[in-house]
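Here the structure is laid out as structure tokens; the discussion comes afterwards.
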Amino acid sequence: MENKKISQLIASTLLFTTSIYATPVLAYTKDETVYSKKDKTIVSTHIKNSENEEILKDITNLLNIKSTDENKTFEQQENLLTWNTNKEDIYYQGETNKELPIKLKIKYELNGKEVEAKDIVGKSGKVKVTLVYENKDEHIVDINGKKQKIYTPFVVVAGTIINNEKNKNIDITNGKIVDDGTKTIVLGMALPGLQESLDVSASKLEIPNKIEITMDATDFEMNSIISYITPKVIEKDDNKIFDEMEKIYNKVNILSSSSKQIEEGATKLKEGTSEYKGKMQEFETAMGKITEGMTAANTNYAKINDGINTLNTNTGKLNSGAKQVVGGINQIEEKLNVVNKTLEELLQGNKNLEMGENKVLAGIDEIIATINKLPVTNNKDKIANLEALVATNNTTITSLETLNKGLESKLKVETNEVEKANLKTQIATNKKMIALLQANVKAQKETIATLKATDSSKIKELKVALEQVKAGITTINAGTNKVTTGIAALKNGTTVLETKTGELSKGATTLYQGTNQLNQGVGTLKSGSNKMQEGLVSLDNNGAKILEANSKLTKGAITLDEGTEKLQTGIKTFNNEGIEKICNFINHDVKNVTDKLEKLEELSREYNNFTMLEKGANGNVKFIEIVEALKREEKQEDEKEKMIITNKEEKEENTTQN
């Protein structure tokens, strides 16, 4: 008797979950409960007469149909049943040979070796009972233009009662155990076919299709195992998440497009810095030639100056000195022509350098403008939605905890055993829901932390780096302008020097032609020569400084070019290895799973009967598979567990739930 009450308690616990999936009552609602034990399947049917009709018509393909209410009669014509209802609900049952959508295979192991059920009874050792569920309700559907195989989603909850006297260390996978000291109730869950439907690798996410019960047994026996199966895995309200996913896909496309624009901008920046480096190297080569020319002019004029000094002290050597002066001045004129020409080339090269720098600055401004156009509120919206969901889940947790406190208070004063059992079941169910919600809150908070950590941070760092590069090039540009100004001033100086050299040449000729003005001419020549010597020395020294500064500027240009090359490579890697992979994952893998979930929801909603259902009527169906108890033969007659739940008991249960 005690075993019978406990077995009925398990059955009631399993049936309680159907209240979660209740369908709104219309004029005709047909609920089917399919009982399967060994090779026999019985279907118990309840027709809800919501409109209190006198006559109700139903269709069915059951065999050996009989009413479980002696006050209700019916007439049968093939598959059509016509009921005299007396304005009440209809209860009947029948048999069927139809294959169940979920096939159960049970395996027994003793100390790691598989044994037959009859051979494990009475044995002692490490026992493992494995319930493997195979989904037989297969469908070929079209998902994004591709034919794929998926299964109607079913959730299986299986349970039994184990005596603690002869069994220790009892455990179950994918489930929960409840130990009251003398016996242990085990409940497990499986989702057969969902792993294959979603096509998810078990190494990433394992979706169970089996339940394992283990224990250390002495004189092993086992009560009946009851499996409750329902297709109501995904509810219609869950579709809201699919709408949110569409918003994410749109944002991902914007992110991908913007990332490509940044990569193109980095390529333009690299082209600009390469041109800048080339022009700086050309400028350095030209400056080398100018420095060589100025050094040669300074060296040659030193000879002229020595000659003038000699001429001034030794007028007897006037003619010879005058010839040397004329020859030296001619060489100076030639060198000054070369210097002027080189300075012209240098001035033009520096202007080209300024143009290159301006192009680089324009490229950086274009990249910064592109970055400024990027959407920066993408992660904020996600974070806000997740934080709102966390708040909602916390509110639900608080409500469930408050509800449990009230139920526990009621449990303390309740005397009716049935009500106490119902209260305990409700409390346990609420605790499971609280644990699930708390796990969701933890996962959601971790996701929020990840989103906050990655919210536009890389783009902001890139923008700061570009601003620093821009500041550096602006400084270089200012230095280039100063170099251009210096070259222009230097060119003006050499032009004046060339003019003075012409005047010097005329004076030397006059000196050579007429000795009457010897003293005056030599004095003037000496004075002019000393000034010219000082100018050449200054020009030579400043030219060396310009060459040294330009070498440093060229090295800076090379460093800048190398830096922009690394920047271009980094942005390309960031786009190809980061942004593009993320976008491809969301637009392909995640979207594919989302589309499959929508199909699964549709199949779950459509699976509303096992036998037959008239068009326009509502239907619900659930399956109960019973694995017979394993007992010693001498105890079979006295302790055989009776798990048949009569339609009268089911009617009372439905009345209580309604």
Side-chain angles (χ1 to χ4, degrees), residues 8 11-12 14-15 18 21-23 25-104 136-137 152 154 224 226-232 606-626 628 642-658:
Q8 291 176 344
S12 300
L14 296 173
L15 290 172
T18 59
Y21 307 110
T23 303
V25 177
L26 301 175
Y28 182 126
T29 301
K30 183 176 181 179
D31 285 342
E32 294 179 328
T33 302
V34 183
Y35 297 92
S36 176
K37 186 176 182 181
K38 285 189 175 180
D39 297 327
K40 186 174 183 179
T41 300
I42 297 175
V43 180
S44 179
T45 304
H46 172 202
I47 298 178
K48 297 179 182 178
N49 189 4
S50 304
E51 299 296 327
N52 298 323
E53 299 288 344
E54 290 280 358
I55 302 296
L56 276 180
K57 295 191 177 194
D58 179 34
I59 56 174
T60 184
N61 54 14
L62 292 176
L63 306 173
N64 302 323
I65 299 171
K66 62 179 180 179
S67 174
T68 56
D69 185 346
E70 59 184 15
N71 295 323
K72 306 294 189 305
T73 60
F74 68 93
E75 295 180 1
Q76 181 174 2
Q77 294 180 346
E78 296 182 350
N79 291 334
L80 177 63
L81 303 179
T82 303
W83 290 90
N84 296 311
T85 69
N86 296 329
K87 297 184 179 181
E88 295 176 347
D89 289 0
I90 301 299
Y91 297 88
Y92 68 90
Q93 68 179 29
E95 300 176 5
T96 180
N97 296 322
K98 185 178 179 181
E99 183 183 27
L100 298 179
I102 299 297
K103 182 179 180 181
L104 170 60
K136 308 291 287 185
D137 201 46
T152 297
F154 287 91
S224 297
I226 302 176
S227 298
Y228 173 83
I229 306 168
T230 174
K232 300 300 182 182
E606 291 176 351
Y607 200 101
N608 58 4
N609 73 96
F610 181 65
T611 58
M612 299 178 70
L613 184 66
E614 195 168 7
K615 185 177 181 181
N618 292 320
N620 289 310
V621 61
K622 52 188 173 290
F623 301 86
I624 296 177
E625 291 196 39
I626 303 171
E628 284 191 316
K642 301 183 183 302
M643 295 299 298
I644 299 176
I645 302 174
T646 65
N647 283 292
K648 181 178 180 181
E649 290 171 334
E650 181 181 317
K651 179 180 179 181
E652 293 174 353
E653 179 67 24
N654 289 331
T655 303
T656 302
Q657 292 182 4
N658 291 334

Run the side-chain hydrogen bond (donor to acceptor under 3.5 Å, both in side chains) test against Thr41 and tell me which residues pass, sequence neighbours left out. none

Test side chain to side chain donor-acceptor pair (under 3.5 Å), reference Glu32, set Thr45, Thr611, Thr60, Asn620, output is Thr611

Contacts of Glu625 meeting side-chain hydrogen bond (donor to acceptor under 3.5 Å, both in side chains) (sequence neighbours excluded), chain-then-number -> none

Could you walk me through whether Ile59 and Leu81 satisfy the side chain to side chain contact (heavy atoms under 4.5 Å, CB included) test, starting with their C-alpha distance in whole Å, then the side-chain angles of each, then the deciding distance to 0.1 Å, before giving a yes or no? CA-CA 6 Å; Ile59 56 174; Leu81 303 179; over 6 Å; no

Side chain of Ser227, backbone of Ile624: donor and acceptor closer than 3.5 Å? no

Calculate, to the nearest 0.5 Å, the distance between atoms CD and CG belonging to Glu88 and Asp69 respectively. 7.0 Å

Judged by atom type as modelled, is there a donor-acceptor pair below 3.5 Å linking the side chain of Gln77 to the main-chain atoms of Asn79? no

For Lys98, enumerate each residue passing the side-chain contact (heavy atoms from CB on, under 4.5 Å) test, keeping only those at least two apart in sequence or located in another chain. Thr96, Phe610

Pairs involving residues 49-81, ordered by first then second residue, that meet ring-ring contact (aromatic ring centres under 6.0 Å, His included) (sequence neighbours left out): Phe74-Trp83

With sequence neighbours left out, what residues match Asn609 under side-chain hydrogen bond (donor to acceptor under 3.5 Å, both in side chains)? none

How close do Ile47 and Lys30 get, heavy atom to heavy atom, and via which atoms? CG1-CG, 4.5 Å

Do the ring centers of Phe154 and Tyr607 come within less than 6.0 Å of each other? yes

Side chain to side chain donor-acceptor pair (under 3.5 Å) partner of Lys622, the single match among Thr33, Thr230, Asp31: Thr33

Is the closest side-chain heavy-atom distance between Leu613 and Asn608 below 4.5 Å? yes

Between CG on residue Asn61 and CG on residue Asn97, distance to nearest 0.5 Å: 10.0 Å

Contacts of type side-chain hydrogen bond (donor to acceptor under 3.5 Å, both in side chains), residue Asn64, not counting sequence neighbours: Glu95

Please round to the nearest 0.5 Å and tell me the distance separating atom OG1 of Thr85 and atom CG of Asn49. 4.5 Å

Evaluate the side-chain proximity of Phe623 to Ser36: yes if any heavy-atom separation is below 4.5 Å, no if none is. no

Quick one: side-chain contact (heavy atoms from CB on, under 4.5 Å) partners of Thr82, sequence neighbours excluded? Ile55, Lys57, Leu80

Lys37 side, atom NZ; Ile42 side, atom CD1 - distance, nearest 0.5 Å: 9.5 Å

Is any side-chain heavy atom of Tyr92 less than 4.5 Å from a side-chain heavy atom of Asp58? yes

From Thr68, Thr29, Asp89, residue fulfilling side chain to side chain donor-acceptor pair (under 3.5 Å) relative to His46: Asp89

Can you name the residues that form a side-chain contact (heavy atoms from CB on, under 4.5 Å) with Glu54, not counting sequence neighbours? Lys87

Mind checking what makes salt bridge (charged side-chain N to carboxylate O under 4.0 Å, His left out) contact with Lys103, not counting sequence neighbours? none

N/O donor-acceptor pair under 3.5 Å between Asn86 side chain and Asn71 backbone: yes

With rounding to the nearest 0.5 angstrom, report the CD1 to OG distance, Ile90 to Ser67. 7.0 Å

By salt bridge (charged side-chain N to carboxylate O under 4.0 Å, His left out), Lys38 pairs with (sequence neighbours left out) Glu628

